[in-house]
Amino acid sequence: MTDHSAAQLNTLRLAADEIGIDAAGDLLSRGELVAIPTETVYGLAADALNGEAVSRIFEAKGRPSDNPLIVHIADRADWAKLVKEIPENANKLADKFWPGPLTIILPASDLIPPQVTAGLKTVAVRFPAHPVTIEVIKAEGCSLAAPSANRSGAPSPTNAARVLEDMDGRIAGVLDGGDCAVGVESTVVDLSLPRPRLLRPGGITPEMLREVLFELDIDPAVTAAPKAGTVVASPGMKYTHYSPRARVTLIQSTPEKFTEFVNAQQHQHPTALCFDGEEQGLLVPFLTYGRRDDPETQAKLLFDKLRQLDDAGATLVYAACPTPDGVGLAVYNRLIRAAGFEVIKLD
Ligand code: TXA
Ligand code: MG
């Protein structure tokens with residue numbers, strides 16, 4: 001057993017081949033932490049049924065202890081062991097969207113250690129679509145608790161190099177499965193309530209969910225800052241999140257007004273985060289994150305672009321606001337948190 005009191009671990013770089021996956025499974029079944037690729041973002045995994053291993057996730061990330069984790073499975077039959085019961089609407093969602101970027105919350109079974117649920121009576125479960133994630137869950141045995149593999153508050157990592165930026169020396173290994181396809185974390189739906197509720201938007205959109213569920217409430221925290229003193233349904237939504245070191249402000253406007261506004265702030269030395277093809281008139285440094293009408297690409301690029309802003313030493317960022325429709329709702333949800341809910345509307 002590794003001495004976790006030691007300041008630094010030697011974080012193994014594991015290839016996503018049979019040897020690497022077996023090694024990751026081995027470390028995980030011994031209670032170690034391994035960062036793993038998924039189709040959404042990289043996860044910081046531990047054996048979900050080992051409370052002590054799970055508590056190390058919180059230490060490595062600096063995560064507040066009241067923020068519960070998602071349990072990842074590689075076989076739908078394992079779901080029944082983790083929750084009290086599976087209602088019909090949950091099965092319908094799983095039929096349609098699993099394996100995939102959808103997390104379903106239901107009342108937890110007694111198997112789930114309290115470290116996973118942060119003391120809640122419910123547990124979030126996801127069956128990911130990435131072949132390497134599935135192989136590593138099988139190599140470990142049954143289920144892996146895994147939040148995004150960033151230090152708490154930072155943008156989620158979408159490749160192994162970004163994981164190491166935050167986690168080198170803090171975890172036993174990272175399994176390198178290349179870039180994540182979706183780029184933002186899974187959609188989270190709570191089915192433990194009288195009416196289904198979207199807690200976090202992701203690659204599975206509200207429209208897609210409504211095709212199966214007929215009724216779906218959208219938690220107010222998806223698009224608005226939680227009011228002081230209110231209880232937030234998804235604890236993760238109350239923290240400042242996804243933030244680069246720079247101060248970020250979202251600009252809701254046409255491309256022309258965006259350029260005009262940012263250029264007028266030149267004396268403050270801002271950096272622009274804008275859409276592809278809208279960078280022409282900018283007189284300040286900029287990064288682009290996909291076309292205005294292509295939310296899937298925006299989702300895939302956003303977190304890495306936020307980290308690139310740090311790499312470039314940006315201190316003040318004006319970001320073109322995404323349209324909050326379809327997958328764009330997930331992009332908007334992440335970016336507005338990165339901006340600490342600071343939005344300027346220009347008309
Ligand atoms: O795509 C994903 O979901 C990634 C990859 C690694 O699978 N994981 C991920 O985990 O994003 P994390 O911990 O960064 O986000 C989990 C979110 C948090 O906002 C947390 O508060 C919420 O899900 N959550 C987990 N269990 C919950 C529960 N029982 N009730 C309400 N919210 C819950
Ligand atoms: Mg996270």
Side-chain angles (χ1 to χ4, degrees), residues 33-46 48 54 57-58 60-74 82-84 97-109 112 114-130 132-134 136-137 143-158 163 166 174-175 177 180-193 196-204 219 221-222 226 231-243 299 303 330 333-334 337-338:
L33 305 184
V34 180
I36 58 169
T38 84
E39 79 278 34
T40 57
V41 300
Y42 274 69
L44 182 51
V54 171
I57 292 178
F58 289 83
K61 277 183 63 96
R63 184 176 175 103
S65 58
D66 66 348
N67 193 4
L69 306 179
I70 296 172
V71 179
H72 298 69
I73 55 173
L82 305 174
V83 297
K84 284 230 151 62
F97 300 116
W98 277 3
L102 177 68
T103 295
I104 300 174
I105 295 175
L106 288 170
S109 78
I112 306 283
Q115 290 89 341
V116 170
T117 61
L120 296 177
K121 288 190 162 41
T122 53
V123 65
V125 179
R126 174 161 111 81
F127 185 163
H130 197 299
V132 174
T133 328
I134 292 176
V136 75
I137 295 169
S143 54
L144 294 175
S148 48
N150 49 287
R151 293 298 303 273
S152 201
S156 302
T158 53
V163 171
D166 284 18
V174 55
L175 192 58
C180 300
V182 180
V184 292
E185 306 86 343
S186 61
T187 302
V188 178
V189 179
D190 193 345
L191 294 183
S192 73
L193 304 165
R197 175 172 284 248
L198 177 74
L199 300 186
R200 181 175 73 183
I204 307 294
D219 197 273
V222 166
V231 177
V232 175
S234 182
M237 288 284 113
K238 78 181 173 202
Y239 300 106
T240 313
H241 245 111
Y242 317 118
S243 301
F303 285 143
N333 169 274
R334 305 311 190 274
R337 281 174 168 73

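We count ligands from 1, going down the list as the structure has it; atoms in each ligand are counted the same way. One-based numbering along the sequence shown.
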Closest to [atom] (judged by heavy-atom distance), picking from [options]:
atom                    : options               : answer
atom 25 (C) of ligand 1 : P68, A108, S148, A149 : P68
atom 8 (N) of ligand 1  : A221, A146, G43       : A146
atom 30 (N) of ligand 1 : I36, T103, T133, I105 : I105

Does the N or O separation between [X] and ligand 1 drop below 3.5 Å for any pair?
X    : answer
Y42  : no
K61  : no
R126 : yes
R63  : yes
E185 : no

If the contact criterion is a heavy-atom separation under 4.0 Å, does I70 count as touching ligand 1?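 In this structure, I70 qualifies as a contact of ligand 1 - some heavy atom is under 4.0 Å.
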Is P101 in contact with ligand 1, taking contact as a heavy-atom separation below 4.0 Å?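 Not so, P101 does not reach ligand 1.
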What do the steps show when you test R200 against S186 for side-chain contact (heavy atoms from CB on, under 4.5 Å), and what is the final call? CA-CA 8 Å; R200 181 175 73 183; S186 61; 3.3 Å; yes
R126 and T40 side chains, donor-acceptor separation under 3.5 Å: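 Yes, a side-chain donor-acceptor pair sits under 3.5 Å.
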So, taking the atom named [atom1] in [X] and the one named [atom2] in [Y], what distance separates them when rounded to the nearest 0.5 Å?
X    : Y    : atom1 : atom2 : answer
I134 : H72  : CD1   : NE2   : 11.5 Å
N150 : S156 : CG    : OG    : 4.5 Å
I204 : T103 : CD1   : OG1   : 10.0 Å

The Mg ion (ligand 2) to nearest N/O/S of S148 below 2.8 Å: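 Here the distance criterion (N, O or S atom, under 2.8 Å) is met by S148, so yes.
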With a 4.0 Å cut-off, would you call R197 and D219 a salt bridge?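 Salt bridge between R197 and D219, a charged N being under 4.0 Å from a carboxylate O: yes.
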Tell me, with the steps shown, if N333 and R337 meet side-chain contact (heavy atoms from CB on, under 4.5 Å). CA-CA 7 Å; N333 169 274; R337 281 174 168 73; 3.0 Å; yes
What part of L199 sits under 4.0 Å from ligand 1 if we count only heavy atoms: the side chain, the backbone, both or neither?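 Answer for L199: side chain.
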Contact partition for T122 relative to ligand 1, non-hydrogen atoms under 4.0 Å: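 Answer for T122: both.
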Of the options I36, T38, V34, which is the one that meets V136 in a side-chain contact (heavy atoms from CB on, under 4.5 Å)?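 Result for side-chain contact (heavy atoms from CB on, under 4.5 Å) with V136: I36.
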Going by the order shown, which atoms of ligand 1 are within less than 4.0 Å of some heavy atom of [X]?
X    : answer
N67  : 18 (C), 20 (C), 21 (O)
L120 : 28 (C), 29 (N), 30 (N)
H72  : 5 (C), 6 (C), 7 (O)
A124 : 25 (C), 26 (N)

Under 3.5 Å, side chain of [X] to main-chain N/O of [Y], donor-acceptor pair present?
X    : Y    : answer
Q115 : V54  : no
Y42  : G177 : yes
K84  : A108 : yes

